Amino acid sequence: MSTKPSVARVVLESRLPQLDRLFDYSIPEGMVVTPGVRVKVPLRSSQKNTTGFVVEVASHSSHAGALVPLGDVVSAVPVLAPEIWRLARAVADRQAGNAADILRLAIPPRYVRAEKLWRDRGQPTAVPAIEMQSLLEYSEDELEGLVAPGSRWALTTPWGVDHSPAGEPRPRGATVVAQLAARALAAGGSSVIVVPDWRDLEAHHQALREVISDDGIVLWDSDKVGSERYTEFLRCLSGNPVVVIGNRHAVYAPVVNLRLLVVLDDADDAHREPLAPYPHTRNVALVRQQQTECSLVFAGLAPSMAVWRLHSMGFLGLVEPRKAQRPQVVPTALSVNAERDLRPARLPGIAHQGATEALREGPVLVQVFRAGYSSALACAQCGERGLCSRCHGPLRIGSHGAPPSCAWCATLYARWRCEACNHSVMVPRGQGIGRTVSDFGKAFPKVPVIQSDGQHRVHTVSDSPAIVVATRGSEPLAVGGYRAALLLDGQAMLSRESIGALEDTLSHWEHALSLVRPEGTVYLTEVEGQPALAVASGKYGPLMNAELREREALRLPPSIRLASVSGPSAALTDIASRISSLDASVDVLGPVAMGEGGGRIIIRFPYAIGDRVTAELRAVHLGHISRQRRGVPDRVRIVVDDTGQLDEFAGSE
DNA sequence: AGCACGCCGACT
DNA sequence: GTCGGCGTGCTC
């Protein structure tokens, strides 16, 4: 009997939970098969060939039946690194989903041309140039500690704006992260930096390029065209340590010798994976850190609830900037003024005065909540809703200057008359950004007003006096830093019916603060109590601890884990009973009806029994697949640890 | 997903 | 007697 490897264990690229296990195939004589390569394999039942990845080669199979020979090797490039396979398996188990779905996120589609070019070019020989700098805000010990193998951190990034040699402004935090990556690379280790959106990607890429030469940087950008994505992916496999900077899928980058894993702004919605099995970057990163013993850094201006929980448990160390470049914050809620003058209705006197003074020297930021120009319209005279006379759909303003149109049937209304009072002027309903812009234009007639929102985002503003009205998240960077900022809609942001309202609000406040000069002043209107105290002092601990205690009492995340299951009602009752019989600490909310014969339940369970619950969920899911009747379209869908599901659940009740 | 296997009603 | 309905189960 020969002992040479003749069996390939393959994970199939199939979305079916029934096929989410390894299949053994015999390796035909003369075929060169290494772990990680993509292969074509026959599946007897579904006559068609599928593809898969070789996870390992062995000399014996534990499969009782005869082995079918492997089809073809698609490419000799081992695109599935053993480390990534382990990660995919663990993440899939955690999410009660299948590993192939994770691999779909982790391994970009193959481009033959890109692969040829990469192979012909060969391995880069030069070691990337690294420029390490010391930082004002953190000691050298702290920086080294942040990249120490096996360590885990919540890192508060500094406020303020840095500039590239070309004068491009960018958040100071990007400089700090770049220095961490430089230290990891100098120690011979790779870094993976996962950021929420393309703006952060650009800023961090820029900061990295200033300290690490391009051959040491991999840009993992899902917005790139496929061939470029594949090229960058292959560069991770080249055998040399690199720094990968990218958005959420970059967390799966198959780098060699991972030393540092950074997740920026983990509370940002962009870290929620919209594809099954919906793994959140934060959770993938936690699994990967556990498996590889790299250092893990959750970086941001304000901690998320989940990160704060891990910190308060002692699981994450906290590192904060030493030299606070944080501007002074004045909560104005206690100094409400009664006089009526030309100032915007929402703006207290002290903030108005501060803005007036600051505007003599430079730009002032006004942060508002509503996204975009309030799209719904109402009669300016009587307030009646603007509705389409044809189909009764809501009228909207699309772009600036364009006439109103119906959101349903797209009829244009160049000349509109209110049905109630025959008035001819419409205004946005509610407090849109357009309203704020016009209010400030009236209150400060000599100063230009710049508007930035989701649709029309302004990247940077100059150092000359201007009022910059921006929706939260769309604040332009000011070249010289803002002289002052007004945070207008804090109360509305805080009182949203969303579990993420607090952390989201804190992070947007801190972001606005970070764009203001250290000697500037930030005025926070309307907000009182603990949130106002926290942002004024910059000490979030008491507020976060209180919030955590409350969530523990209410059994809300992140103090417990969540799974939501939607599907046919019969399946839900079965799943609910099987899961809740697992342990007394599990409880089930619902079911809430959702459409024809279907509904949704929410399962709450403690972290300690997480593995058992997700494994059982998977087993129950499989059971319901085989019982599924044809023609019934609503399948069972399981979403694990997505707080957005809780918001939707609350909204549907 | 596909596809085969398998056990009950109306047909040459 | 058989052709074929689609419920159930398997895929190395």
Side-chain angles (χ1 to χ4, degrees), chain A residues 1-75 78-80 82 85-86 88-89 92-93 95-105 107 109 275-278 565-571 573-575 578 597-598 615-639:
Chain A
M1 192 207 284
S2 88
T3 51
K4 81 176 167 79
S6 57
V7 175
R9 314 204 71 199
V10 175
V11 52
L12 303 177
E13 285 185 272
S14 165
R15 304 224 38 213
L16 300 170
Q18 306 93 300
L19 302 183
D20 184 28
R21 56 209 160 90
L22 297 182
F23 286 79
D24 290 355
Y25 287 89
S26 64
I27 301 173
E29 201 64 42
M31 188 183 279
V32 182
V33 176
T34 51
V37 296
R38 188 183 241 131
V39 287
K40 284 185 180 155
V41 293
L43 259 189
R44 179 169 48 89
S45 307
S46 61
Q47 209 55 31
K48 233 170 52 183
N49 284 353
T50 25
T51 57
F53 302 96
V54 175
V55 166
E56 56 182 339
V57 290
S59 45
H60 301 286
S61 169
S62 51
H63 181 61
L67 295 190
V68 168
L70 219 54
D72 258 336
V73 174
V74 174
S75 151
V79 286
L80 177 57
W85 165 245
R86 278 203 305 153
R89 183 68 271 163
D93 290 345
Q95 302 293 125
N98 35 306
D101 279 341
I102 302 292
L103 296 181
R104 200 162 48 117
L105 309 174
I107 301 172
L275 297 174
Y278 321 102
V565 184
S566 51
S569 304
T573 44
D574 176 48
I575 292 170
R578 282 184 61 180
E616 181 70 7
L617 271 171
R618 219 176 129 60
V620 182
H621 189 191
L622 260 161
H624 279 276
I625 281 161
S626 52
R627 239 171 291 167
Q628 217 170 98
R629 266 180 279 157
R630 319 200 310 168
V632 180
D634 43 353
R635 305 205 307 268
V636 172
R637 198 173 79 115
I638 299 172
V639 182

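All figures in this text were calculated on a predicted structure; none of them were measured in a lab. Residue numbers start from 1 in every chain, and the chains themselves are labelled A, B, ... in the order their sequence lines are given, proteins ahead of strands. Atoms considered below: every heavy atom in the structure, side chains included; atoms not considered: hydrogens, waters and symmetry mates.
C:dT11 atom P lies 12 Å from atom CG of A:L12, rounded to whole Å. Between A:L67 atom CG and C:dC12 atom P the separation is 10 Å, expressed in whole Å. Atom CZ of A:R44 and atom P of B:dA1 are 19 Å apart (whole Å). A straight line from NZ of A:K40 to P of C:dC12 spans 18 Å, rounded to a whole angstrom. C:dT8 atom C1' lies 15 Å from atom CG of A:L622, rounded to whole Å. Rounded to an integer number of Å, the gap from A:N49 CG to B:dA1 P is 19 Å. Residue A:L16 contributes atom CG, which lies 16 Å from atom C1' of C:dC12 at whole-angstrom precision. At whole-Å resolution of the value, CG in A:D20 and P in C:dC12 are 16 Å apart.
Using a 4.0 Å cut-off between a side-chain N of Lys or Arg and a carboxylate O of Asp or Glu, A:E13 and A:R38 qualify as a salt bridge. Using a cut-off of 4.0 Å between Lys/Arg side-chain N and Asp/Glu carboxylate O, A:D20 and A:R89 are scored as salt-bridged.
A:A96 meets the side chain to side chain contact (heavy atoms under 4.5 Å, CB included) test with A:T614, A:L617, A:I638, A:V640; sequence neighbours excluded.
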Less than 3.5 Å apart, which donor and acceptor atoms pair up between the side chains of residues 23-34 of chain A and the rest of the protein, not counting sequence neighbours?
{"residue": "A:D24", "atom": "OD1", "partner": "A:R9", "partner atom": "NE", "Å": "2.9"}
{"residue": "A:D24", "atom": "OD2", "partner": "A:S61", "partner atom": "OG", "Å": "2.5"}
{"residue": "A:Y25", "atom": "OH", "partner": "A:P42", "partner atom": "O", "Å": "2.8"}

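Looking at heavy-atom distances under 4.0 Å, A:R21 makes contact with a base.
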